[in-house]
Protein chains: 2
Amino acid sequence: MATPLYRTVIDTIVERIASGELPSGTMLPSETQLGAELGVSQGTARKALMELEQSGLVQRAQGRGTFVTVRTPETSLFNFFRLRHPDGTLEGPQLDRETVTRRSATDTERADLHGSPEDVIEIERVRSIGGQPVTHEMSVIPAAMFPGIAERQPLPNTLYVFYQQAYSVIIVRADERLGAIGAPEASAKALGLDAGTPVMDVRRRAVDVLERVVELRRSINRTDALDYFVSLS
Amino acid sequence: MATPLYRTVIDTIVERIASGELPSGTMLPSETQLGAELGVSQGTARKALMELEQSGLVQRAQGRGTFVTVRTPETSLFNFFRLRHPDGTLEGPQLDRETVTRRSATDTERADLHGSPEDVIEIERVRSIGGQPVTHEMSVIPAAMFPGIAERQPLPNTLYVFYQQAYSVIIVRADERLGAIGAPEASAKALGLDAGTPVMDVRRRAVDVLERVVELRRSINRTDALDYFVSLS
DNA sequence: GAGTGGTCTAGACCACTTT
DNA sequence: AAGTGGTCTAGACCACTCC
């Protein structure tokens with residue numbers, strides 16, 4: 001029993017989802033059907049489906065079935081956009097300005113990103129909430145993984161939904177490193193602040209379902225009217 | 001089947017742990033024994049134990065058994081102390097200064113803390129890493145839940161381990177709200193900074209295994225040499 | 001009523017740890 | 001060798017959704 005049966009069932013389904021064979025929203029076979037198809041018992045298929053639900057890749061509902069998780073702008077924001085009003089409510093940010101450029105990767109980008117890309121796409125954005133610019137973010141992705149993206153401006157508000165729909169790249173996790181700094185000049189200008197005003201500096205590495213580092217993102221955030229919410233356990 | 005059997009098994013065990021009947025490190029009955037004791041099958045007892053492991057309350061190891069999770073200063077820091085060196089390594093902070101006072105709760109403290117306490121204990125600490133003060137934190141807990149704590153100074157480095165060992169209060173989750181601010185005068189002084197230097201302001205609500213808000217904590221952190229690490233999913 | 005996931009049982013065998 | 005958790009099976013019944 002080197003690798004458990006349910007593990008291979010999970011891998012099979014993950015592969016089908018990552019390849020686009022099972023697009024967002026598709027209904028999966030029932031526990032019984034899946035077990036029959038893959039030659040395992042219903043209980044083993046069930047265990048695999050439950051782990052997939054836990055990881056967020058599928059959603060299950062009694063009486064309805066199992067479905068590939070649909071990532072909407074709302075759910076994506078809820079998971080990966082952490083700025084909230086002090087009472088905890090989330091207000092979707094508006095896109096103010098966007099610049100997309102292709103350039104060669106820096107050494108650290110080449111070292112960090114999946115596939116050591118020669119070229120990357122840099123997406124610079126300013127987003128605002130309630131008419132107030134709050135975030136200045138710079139995202140960097142491998143050019144080869146996202147062909148033609150530079151010609152598709154303006155890009156949708158939530159990039160991760162777009163990555164999934166247009167490129168079958170499913171972001172499932174993001175590791176962030178936060179710090180407080182004085183606003184750099186460019187960000188200060190974009191956010192309407194004096195240079196040196198305390199802002200939150202966030203460096204993110206976004207990882208997809210195949211554990212590939214797909215995006216590096218740095219954002220400078222105003223936190224005078226909003227808070228960055230996080231839960232530890 | 002209003003409440004599933006495994007749910008009542010879970011609740012039974014949680015109660016035994018929270019009451020101190022099963023202290024940290026104790027071995028639990030095996031799946032078979034537990035099932036026999038509570039009148040359920042081995043599979044149902046197993047499901048309960050697996051959920052308890054997932055929630056972090058117990059740890060299981062093949063061939064050894066199931067044990068109430070031992071919270072050491074190391075594991076507690078790993079979970080709830082997020083400041084790391086840029087390469088991700090964690091260095092335990094030293095306790096520089098500590099002040100413990102009893103006072104009446106403010107209105108917001110009374111509203112937020114479990115049991116609307118009349119009196120609270122305030123623990124003010126300065127902690128340093130590598131000889132450099134990095135954190136100025138103020139923790140507030142209900143006085144009635146922690147009798148005699150004011151007379152036990154100096155308190156151990158990791159408060160949550162102490163809460164559990166001395167009072168059977170098991171912190172399992174902490175919700176934090178972060179922001180960047182200019183260092184307030186008192187914190188600037190404690191951290192050896194000029195007032196107004198950008199620092200990270202963290203407001204925490206710590207919740208125990210019975211979902212009670214047990215502690216409010218505000219900390220001011222230097223993030224020039226360290227980063228605050230967090231993972232989103 | 002048919003089909004789905006959710007719960008529960010009983011039993012088997014394997015892998016691992018400890019004595 | 002004994003005892004533990006880990007995997008897997010087969011079958012049953014319940015609760016829910018949808019037609």
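Chain letters run A, B, ... following the sequence lines, proteins first and then strands; every chain starts at 1. These values consider heavy atoms only, across backbone and side chains, with no hydrogens, waters or symmetry-generated copies.
No side-chain heavy atom of B/Ile170 sits less than 4.5 Å from a side-chain heavy atom of B/Tyr163. Between A/Val14 and A/Leu52, some side-chain heavy-atom pair lies under the 4.5 Å cut-off. Residues A/Val58 and A/Leu28 are in side-chain contact: their nearest non-hydrogen atoms beyond the backbone lie under 4.5 Å apart.
The salt bridge (charged side-chain N to carboxylate O under 4.0 Å, His left out) pairs that include a residue from residues 69-85 of chain B number zero, where partners must be two or more places apart or lie in different chains. Pairs of residues two or more places apart, or lying in two chains, never qualify as salt bridge (charged side-chain N to carboxylate O under 4.0 Å, His left out) while including a residue from residues 153-172 of chain B. Within the structure, the salt bridge (charged side-chain N to carboxylate O under 4.0 Å, His left out) test picks out the following pairs touching residues 27-45 of chain A (sequence neighbours left out): A/Arg16-A/Glu37, A/Glu31-A/Arg46, A/Glu31-A/Arg60. Residue pairs satisfying the side-chain hydrogen bond (donor to acceptor under 3.5 Å, both in side chains) criterion with at least one member in residues 149-162 of chain A, sequence neighbours excluded, are listed as follows: A/Arg127-A/Asn157, A/Tyr160-A/Arg204, A/Tyr160-A/Glu215. Judged as a salt bridge (charged side-chain N to carboxylate O under 4.0 Å, His left out), the pairs with a partner in residues 163-174 of chain B (not counting sequence neighbours) are, in order, B/Arg173-B/Asp175, B/Arg173-B/Glu211.
Looking at residues 28-40 of chain B, you'll see B/Val40 sit with a heavy atom under 4.0 Å from some atom of DNA chain C. Using a 4.0 Å cut-off on heavy atoms, the residues of residues 43-50 of chain A that approach DNA chain D are A/Thr44, A/Lys47, listed by number. Only A/Gln62, A/Gly63, A/Arg64, listed by number, bring a heavy atom of residues 61-71 of chain A to less than 4.0 angstrom from any atom of DNA chain D.
Rounding to whole angstrom units, CE of residue A/Met27 and C1' of D/dT17 are separated by 10 Å. Look at CZ on B/Arg60: it is 10 Å from P on D/dT7, rounded to the nearest Å. Remark: P of C/dA10 and CG of B/Leu5 are 12 Å apart, rounded to the nearest angstrom. In this structure, the CD atom of B/Glu51 is 11 Å from the P atom of C/dC8, given to the nearest Å.
Using a cutoff of 4.0 Å between basic side-chain nitrogens and carboxylate oxygens, B/Arg217 and B/Glu137 are scored as salt-bridged.
For the pair A/Gln42 and A/Tyr6, nearest-nucleotide mapping onto DNA chain D gives the more 5' position to A/Tyr6.
At a cut-off of 3.5 Å, with distance as the only test, a side-chain donor of A/Ser219 or A/Asn221 sits close to an acceptor on the other residue.
Within the helix from C/dG1-D/dC18 to C/dT18-D/dA1, the inter-axis angle between the opening and closing five-pair segments is 10°, rounded to 10°.
Applying the side chain to side chain donor-acceptor pair (under 3.5 Å) test to A/Gln132 and every residue at least two apart in sequence or in another chain returns A/Arg222. Applying the side chain to side chain contact (heavy atoms under 4.5 Å, CB included) rule to B/Thr32 yields the partners B/Ser30, B/Gln42; only residues at least two apart in sequence or on another chain are considered. Not counting sequence neighbours, the partners of A/Pro156 by the side chain to side chain contact (heavy atoms under 4.5 Å, CB included) test are A/Phe162.
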